[in-house]
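Here is the naming used below: chain letters follow the sequence lines, and residue numbers restart at 1 for every chain. Predicted, not measured: the structure shown is a model, and the values here were computed from it.
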Amino acid sequence: MPELPEVEVIAQGLREYALGETIEQVEIRWAGAIDRPDPATFADQLVGRTVTDVGRRGKFLVLAVPPAHLLIHLRMSGRLLYCEAADEAARQHPHVRALLRFVSGRWLVFRDMRKFGRLYLVDNPQAVTGRLGVEPLSEAFTVEVLARVLQRRRQIKPLLLDQRMIAGLGNIYADESLWEAGIHPARPASTLSEEQAAALCDAVRRVLRRAIAHKGTTLRDYRSLRDEEGAYQLALSVYDREGQPCARCGATIERIVVGGRGTRYCPTCQRLDNAQPPSQPG
DNA sequence: CACAGCTCCTGGCAGC
DNA sequence: TGCTGCCAGGAGCTGT
């Protein structure tokens, strides 16, 4: 599942390859992939536009195609591939939902097995991203800002997954951040100590930066713009590791359901009460 | 405001 | 072997 680090790696790839490309043709193979405007208008309006900037907001890719913006959300299984004119196989894959052909002859291919991903063409990106919370890798993500989020009477993990609070965390990096900070995922947010809030703030930033450095996590579907796998799956502490020993204390990683989501954690390092974990995270 | 439940969708898997 | 049916999961939505 592409989360902030995976989307950031794709954005880096788009900056390297797609910047300056002009769209010559738009092909939509599954109309449901286009959120807005209607698919015909979407295709019409994109032709002739040049990609002048590539950004990311939360899990959204934001491509400036003046005077509009093309936003892409990959959701569960979406993939974005930049391929050569000769690469017909990439375009013929049955899960391809939409394609952009550039004047250069190269293609941007949107592939999505589960059909949850969406493309948006809007004048103002805020129309789509306006309700997103703070960017966790920006300077705006301070302990004070996190503390305000933590005042809510909710369990900490569903709060971390709420894009209106913090933009970009998904199931993998929420679990990883909570392990890193030594906090139980079902812990009521408002009961965290100041030290724990500070540890969580650090943990979120550290985990996301490390994952970007590893080019993201490939458990199943995720690939970079050039179809490369990430490497962070090799460095995961709890996610996809249930039944295996905790790297910090050796206890067995468990799976529970929190807020309806499968959740992996270490029952020794991440206690629901305030007891000290066996060692401080680092 | 919190939160449960539903929807979208399909490959993968368990169970028979 | 082959079938059925359940499940995960991001996010938006409704209802309580």
Side-chain angles (χ1 to χ4, degrees), chain A residues 1-8 10 28-36 39 56-62 71-80 93-98 110-120 122 125-136 147-178 185-192 204 208 211 216-223 230 232-233 236 238-243 253-265:
Chain A
M1 307 143 273
E3 303 180 25
L4 186 153
E6 291 75 31
V7 177
E8 181 60 36
I10 293 171
I28 295 162
R29 296 200 185 156
W30 184 65
I34 312 304
D35 185 280
R36 70 188 79 162
R56 178 193 56 73
R57 179 75 174 95
K59 300 176 198 171
F60 285 90
L61 287 162
V62 183
L71 276 71
I72 302 170
H73 198 306
L74 300 171
R75 295 281 182 97
M76 296 288 300
S77 59
R79 292 193 201 185
L80 214 50
H93 192 282
H95 296 153
V96 172
R97 310 301 178 197
F110 174 63
R111 222 171 104 167
D112 187 17
M113 180 181 78
R114 296 207 172 159
K115 297 184 172 178
F116 281 3
R118 294 291 183 268
L119 311 187
Y120 312 70
V122 291
Q126 286 278 325
V128 178
T129 63
R131 301 180 71 177
L132 292 179
V134 64
E135 275 295 322
R148 212 170 304 144
V149 168
L150 295 177
Q151 286 172 4
R152 307 252 169 177
R153 271 208 332 273
R154 290 176 72 181
Q155 291 174 317
I156 182 64
K157 179 172 172 182
L159 206 55
L160 291 180
L161 291 177
D162 189 335
Q163 302 298 299
R164 296 168 301 181
M165 303 293 155
I166 301 168
L169 291 179
N171 215 24
I172 297 173
Y173 299 112
D175 281 3
E176 291 295 309
S177 299
L178 287 167
R187 183 77 181 269
S190 55
T191 69
L192 293 189
V204 166
L208 294 177
T217 301
T218 298
L219 290 174
R220 177 166 299 181
D221 294 309
Y222 170 70
R223 297 293 186 283
Y232 198 64
Q233 65 278 9
L236 291 173
V238 285
Y239 197 87
D240 201 38
R241 291 199 68 238
E242 61 183 294
I253 302 301
E254 289 183 7
R255 181 188 191 276
I256 56 175
V257 174
V258 178
R261 302 284 167 209
T263 299
R264 287 78 177 178
Y265 78 112

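Atom CE in M1(A) sits about 17 Å away from atom P in dG11(B), given to the nearest Å. Residue M113(A) contributes atom CE, which lies 14 Å from atom C1' of dC8(B) at whole-angstrom precision. Rounded to a whole Å, the CD1 atom of I256(A) is 14 Å from the P atom of dA8(C). To the nearest angstrom, C1' of dG10(C) lies 14 Å from CG of D221(A). Atom pair D112(A):CG and dG11(B):P shows a separation of 11 Å (rounding to whole Å applied). Residue H73(A) contributes atom NE2, which lies 16 Å from atom P of dG9(C) at whole-angstrom precision. Rounded to an integer number of Å, the gap from CZ of R264(A) to C1' of dA8(C) is 9 Å. Rounding to whole angstrom units, NE2 of residue H93(A) and P of dT10(B) are separated by 14 Å.
Heavy atoms of M76(A) sit under 4.0 angstrom from at least one base atom. As judged by a 4.0 angstrom heavy-atom cut-off over every strand, R255(A) is placed among residues touching the sugar-phosphate backbone only. Nucleic acid contact class of Y239(A) (heavy atoms, under 4.0 Å, all strands): sugar-phosphate only.
Residues Y222(A) and R220(A) fail the side-chain proximity criterion, which asks for heavy atoms closer than 4.5 Å. In this structure the side chain of T218(A) reaches within 4.5 angstrom of the side chain of R223(A), judged on heavy atoms. Using a 4.5 Å heavy-atom threshold, the side chains of Q155(A) and T263(A) count as separate.
Contact annotation: side chain of R114(A) to base of dA8(C), donor-acceptor pair present below 3.5 Å.
Ion pair R261(A)/D175(A) not flagged as a salt bridge, since none of the NZ, NE, NH1 or NH2 atoms sits closer than 4.0 Å to an Asp/Glu carboxylate oxygen. Note on E135(A) versus R57(A): salt bridge recorded, some NZ/NE/NH1/NH2 to OD/OE distance being below 4.0 Å.
Place R75(A) and H95(A) on DNA chain B by their nearest nucleotides, and R75(A) ends up nearer the 5' end. Comparing R118(A) and G260(A) by the nucleotide of DNA chain B whose heavy atom lies nearest to each, the residue mapping closer to the 5' end is G260(A).
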Item checked: Verdict with reasoning, R75(A) to D112(A), per salt bridge (Lys or Arg N to Asp or Glu O under 4.0 Å) -> CA-CA 9 Å; R75(A) 295 281 182 97; D112(A) 187 17; over 6 Å; no
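Taken from CG in L119(A) to CD1 in I34(A), the straight-line distance is 4.0 Å, to the nearest 0.5 Å.
When each of R118(A), H73(A), R36(A) is checked for a side chain to side chain contact (heavy atoms under 4.5 Å, CB included) with V128(A), only R36(A) meets the rule.
For dG10(C), the base is stacked against the aromatic ring of F116(A), per a cut-off of 5.5 Å between centres and 30° between planes.
Considering only the side chain of R220(A), dG12(B) comes nearest among dG10(C), dG12(B), dT10(B).
Between Y232(A) and Y173(A), the ring planes are tilted. Angles from 30° to 60° get that label.
At a non-hydrogen distance threshold of 4.0 Å, Q163(A) from residues 153-165 of chain A come into contact with DNA chain C.
Remark: the D221(A) side chain and the S77(A) side chain contain no N/O donor-acceptor pair separated by less than 3.5 Å.
Between K115(A) and dT10(B) there is a side-chain N or O to OP1 or OP2 distance below 4.0 Å.
An end-to-end axis angle of 50° holds for the helix from dA2(B)-dT16(C) to dC16(B)-dG2(C), taken from five base pairs per end and rounded to 10°.
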